[in-house]
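Quick caveat, the model's predicted, so the values are computed rather than measured. Letters A, B, ... mirror the listed sequences (proteins, then strands); counts begin at 1.
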4 protein chains.
Amino acid sequence: MSFAYFRSDEKRPSGRPRSELARKSILDATARLLQRVSLRNLAIENIAREAGVGKTTIYRWWPNKAAIVIDAFFEEVEQRTAFERAPTAVEAIRDQVVRMVHTIGGPIGRIAAQIIAEGQSNPDVLAHFREVFLLQRRAAATEIFRTGIANGEFRHDLDIELAIDLIYGPIWYRLMVGHQPLDEELANRLPRLSISALLQVSVTA
Amino acid sequence: MSFAYFRSDEKRPSGRPRSELARKSILDATARLLQRVSLRNLAIENIAREAGVGKTTIYRWWPNKAAIVIDAFFEEVEQRTAFERAPTAVEAIRDQVVRMVHTIGGPIGRIAAQIIAEGQSNPDVLAHFREVFLLQRRAAATEIFRTGIANGEFRHDLDIELAIDLIYGPIWYRLMVGHQPLDEELANRLPRLSISALLQVSVTA
Amino acid sequence: MSFAYFRSDEKRPSGRPRSELARKSILDATARLLQRVSLRNLAIENIAREAGVGKTTIYRWWPNKAAIVIDAFFEEVEQRTAFERAPTAVEAIRDQVVRMVHTIGGPIGRIAAQIIAEGQSNPDVLAHFREVFLLQRRAAATEIFRTGIANGEFRHDLDIELAIDLIYGPIWYRLMVGHQPLDEELANRLPRLSISALLQVSVTA
Amino acid sequence: MSFAYFRSDEKRPSGRPRSELARKSILDATARLLQRVSLRNLAIENIAREAGVGKTTIYRWWPNKAAIVIDAFFEEVEQRTAFERAPTAVEAIRDQVVRMVHTIGGPIGRIAAQIIAEGQSNPDVLAHFREVFLLQRRAAATEIFRTGIANGEFRHDLDIELAIDLIYGPIWYRLMVGHQPLDEELANRLPRLSISALLQVSVTA
DNA sequence: CACTAAACGAGACGGTACGTCGAGTCTTGGA
DNA sequence: TCCAAGACTCGACGTACCGTCTCGTTTAGTG
């Protein structure tokens with residue numbers, strides 16, 4: 001589900017068809033270059049040269065370099081960070097948070113950070129990132145929380161959006177600022193601590 | 001405590017002294033321009049023109065534009081997000097979180113976001129940001145948490161670093177990704193929700 | 001026969017072809033600007049602005065500003081200082097010297113002086129100037145001298161290279177040093193005086 | 001007889017006197033640097049650094065870098081290219097031309113060429129050069145020519161200025177354009193050829 | 001012997017132009 | 001109609017020197 005897909009949608013095919021080979025080698029070249037340079041310092045000219053492709057071809061199909069990167073990396077991420085069946089909502093969330101720490105702590109996280117950074121000066125990039133990467137995940141999480149509220153695991157007055165931010169915020173915070181690691185310890189402790197804030201009976205200090 | 005300060009440290013003064021006027025007008029011009037453009041799109045040439053200053057003068061004192069921005073903003077930010085006296089640790093934290101939401105939700109937050117973004121392709125920038133802005137605040141927070149643990153408000157086994165991330169993570173997350181607003185509602189609910197995870201007796205799972 | 005010509009030699013054409021319009025307006029702008037400023041103070045940035053052209057386009061086709069100037073001026077100079085048919089070698093030379101004094105005494109001369117000046121710190125420029133401007137003229141002069149020697153007008157032992165320097169030296173000397181004018185009087189007297197040194201029987205020492 | 005001399009003339013001495021040491025080390029540094037770079041590429045900043053001197057001190061005493069170079073090189077040249085006693089005017093001139101070819105063919109010539117080049121974009125430099133280096137020599141030559149005319153060696157209608165240009169023009173021409181060497185052969189042949197144009201009885205072709 | 005006044009080194013200042021890089025657009029010929 | 005190649009205009013980069021301007025520090029002579 002790429003930018004390119006949306007843009008070439010609905011067209012009556014006529015003339016020479018899009019070259020699948022060009023598309024692949026652009027995405028490959030991008031992935032290869034991102035091993036070495038930041039998204040910021042990734043020049044579209046270099047992608048074109050590395051891919052053996054005209055710049056025009058890139059500009060024809062992607063609006064900016066972040067869009068290429070999103071195409072290159074985030075189609076396959078989908079399943080890696082999806083929620084999976086679990087006996088209770090708490091456990092479903094805990095499991096997913098653990099997977100999320102692992103994913104964001106790895107190379108995918110680095111890419112995501114680059115894209116968010118790029119997004120600070122380009123709202124389209126940020127919006128596209130939210131759409132492609134975040135919103136679906138948050139929708140799934142919302143579903144789990146609803147279930148958890150319904151079956152009495154969580155407070156009935158839970159603000160779900162805030163709950164999601166409470167759980168994932170620390171992960172993204174550490175990713176972007178780098179003051180603390182995204183390691184196994186976090187994977188262990190974060191769900192325990194954050195979920196405790198959501199549970200049925202809490203305390204009034 | 002600025003970049004510039006460190007660089008001109010310990011020198012026996014010789015030759016024409018640094019112009020305080022130039023320094024001020026550079027920082028002012030930077031602040032003014034950042035209202036309109038992102039740090040990414042902020043050209044040093046424009047700062048120089050706006051400040052009525054030679055480019056050389058800028059390059060002489062700051063290694064990159066992020067350093068200018070850090071100098072320009074974080075002196076005044078200091079006091080705005082400091083912890084203040086409060087009867088209990090919980091209240092001290094709640095008050096500070098509210099102030100933080102307000103600050104990060106405003107123009108200062110936008111600047112901070114720009115710096116963190118810049119930091120994704122420039123580790124020095126990120127490190128400098130952590131040093132001058134974050135770590136001091138986190139140290140102060142740590143102090144409060146220690147007090148809160150000592151007087152029985154908080155769990156005795158609290159992981160303070162994680163606790164800080166739990167409380168502030170959502171704020172930075174929203175700042176950087178922009179999926180939800182940093183508004184009054186957040187200022188109200190975030191401290192209540194997050195602090196509940198830290199309290200002495202909290203759960204019946 | 002321009003710098004540019006040499007560089008684009010032998011290439012199979014591919015991609016967008018060079019813009020003739022850009023080339024022309026660069027050379028025109030250069031000519032226009034050189035009326036007002038010296039080659040030394042002629043900024044490539046100003047040529048670009050005046051020509052409505054990117055700096056890159058200039059740097060793509062010319063290695064330095066002297067090369068632009070040589071391209072701009074010496075095509076048209078060609079015919080103005082050529083030798084023309086005349087009954088005797090002496091007359092052919094006299095006529096050409098007169099034309100030369102006029103040409104070098106005018107704006108063309110000023111340009112030539114600028115190029116020679118530039119050549120003092122850049123051997124390539126000087127070599128290129130000799131090639132495209134001087135050597136051809138000297139070759140033509142050599143031909144005339146040979147004829148003159150053959151038909152008995154000139155000494156049979158004439159050192160042709162030196163003879164050429166004797167005739168043209170004073171012109172260039174005045175051009176570069178400016179201690180005396182390149183005026184009508186010179187046009188009248190120089191050929192009479194210098195040629196007298198070359199004639200068959202000339203001296204009673 | 002330097003620029004500096006003229007400028008500080010007539011002053012009642014008061015305050016710290018000019019440092020002879022600074023003056024020397026500036027001229028020395030200039031001479032040293034000119035071994036490696038052209039006058040064009042000789043930066044006053046570098047002279048100052050090399051001489052261990054403030055830029056101000058240079059600007060206080062010399063109006064431009066050519067003036068420094070003239071001070072550095074041409075005080076001593078005087079005698080080397082002066083006319084000397086000889087039995088006839090012809091011989092006096094021949095001898096002086098030979099010395100001139102040697103001098104201009106050497107490092108002094110290279111410097112002179114640099115200054116003339118600089119002079120093409122700075123009339124003051126050229127005027128100063130003529131004053132300091134040329135005019136005195138030409139005045140001396142004029143004297144010799146007058147003698148030669150008076151005693152019947154030269155044509156009575158000789159245009160002396162033109163005669164001087166005829167004799168020295170080839171030397172400067174070769175110096176500036178470099179199409180032919182300033183070698184022993186020139187020293188031999190040039191005076192013989194050029195002087196023959198000046199002699200009493202010539203030919204009408 | 002202190003005082004005055006200019007020269008000194010150092011180096012920061014506002015500028016201008018440099019030559020390079022990359023952005024995004026345009027224009028060829030060939031597939 | 002797409003594609004590669006590569007030219008195009010444009011704008012900013014970081015650097016080098018320019019000539020000017022403070023500074024604090026000599027270094028004479030004068031009072």
**Asked** How long is the line joining NZ of D:K24 and P of E:dC8, in whole Å?
**Response** 15 Å

**Asked** Going by atom types only, do B:Q35 and B:R110 share a side-chain donor-acceptor pair under 3.5 Å?
**Response** no

**Asked** Just how far, in rounded Å, is P of E:dA7 from CD1 of D:I26?
**Response** 13 Å

**Request:** Could you run through nucleotides 19-26 of chain E and give me one letter per nucleotide, 5' to 3': B if any protein heavy atom sits under 4.0 Å from the base, S if only the sugar-phosphate is that close, - if neither?
**Result:** BBBBBBBB

**Item:** Nearest listed nucleotide, side chain of B:W61, among E:dA12, F:dA5, E:dG9
**Value:** E:dA12

**Request:** Applying salt bridge (Lys or Arg N to Asp or Glu O under 4.0 Å), name anything that partners D:K55, two or more places apart in sequence or on another chain.
**Result:** D:E45

**Prompt:** Taking only N and O in the side chain of D:R18, is any of them less than 4.0 Å away from OP1 or OP2 of E:dA6?
**Reply:** no

**Asked** Quick one: salt bridge (Lys or Arg N to Asp or Glu O under 4.0 Å) partners of C:R40, sequence neighbours excluded?
**Response** D:E118

**Message:** Going by the rule side-chain hydrogen bond (donor to acceptor under 3.5 Å, both in side chains), which residues pair with C:S19 if we only count those two or more places apart in sequence or in a different chain?
**Reply:** none

**Request:** Mind calculating the distance between CG (B:L21) and P (F:dC23) to the nearest angstrom?
**Result:** 12 Å

**Spacing between D:W62 atom CH2 and E:dC8 atom C1', to the nearest angstrom** = 13 Å

**Item:** Partner residues of C:R16 under the side-chain hydrogen bond (donor to acceptor under 3.5 Å, both in side chains) criterion, sequence neighbours left out
**Value:** none

**Message:** Among residues at least two apart in sequence or on other chains, which ones pass ring pair (Phe, Tyr, Trp, His ring centres under 6.0 Å) with D:F129?
**Reply:** D:F133

**Asked** Which residue, A:G54 or D:P17, contacts DNA chain F at a nucleotide closer to its 5' end, judged by nearest heavy atom?
**Response** A:G54

**Message:** Over all strands shown, is D:T57 touching base, sugar-phosphate only, or nothing at heavy-atom distances under 4.0 angstrom?
**Reply:** sugar-phosphate

**Asked** Residues in side-chain hydrogen bond (donor to acceptor under 3.5 Å, both in side chains) with A:E20, at least two apart?
**Response** A:R23

**Message:** Looking at every non-hydrogen atom in both residues, tell me the closest pair between B:I47 and B:A29 and how far apart they are.
**Reply:** O-CB, 4.0 Å

**Request:** Could I get the full list of side-chain hydrogen bond (donor to acceptor under 3.5 Å, both in side chains) partners for D:S38, not counting sequence neighbours?
**Result:** D:N41

**Item:** Between P of F:dC10 and CD1 of C:I58, the distance in whole Å
**Value:** 12 Å

**Message:** Within residues 111-123 of chain A, which residues have any heavy atom lying less than 4.0 Å from an atom of DNA chain F?
**Reply:** none

**Prompt:** Between B:I47 (CD1) and E:dG15 (P), how many Å, whole number?
**Reply:** 16 Å

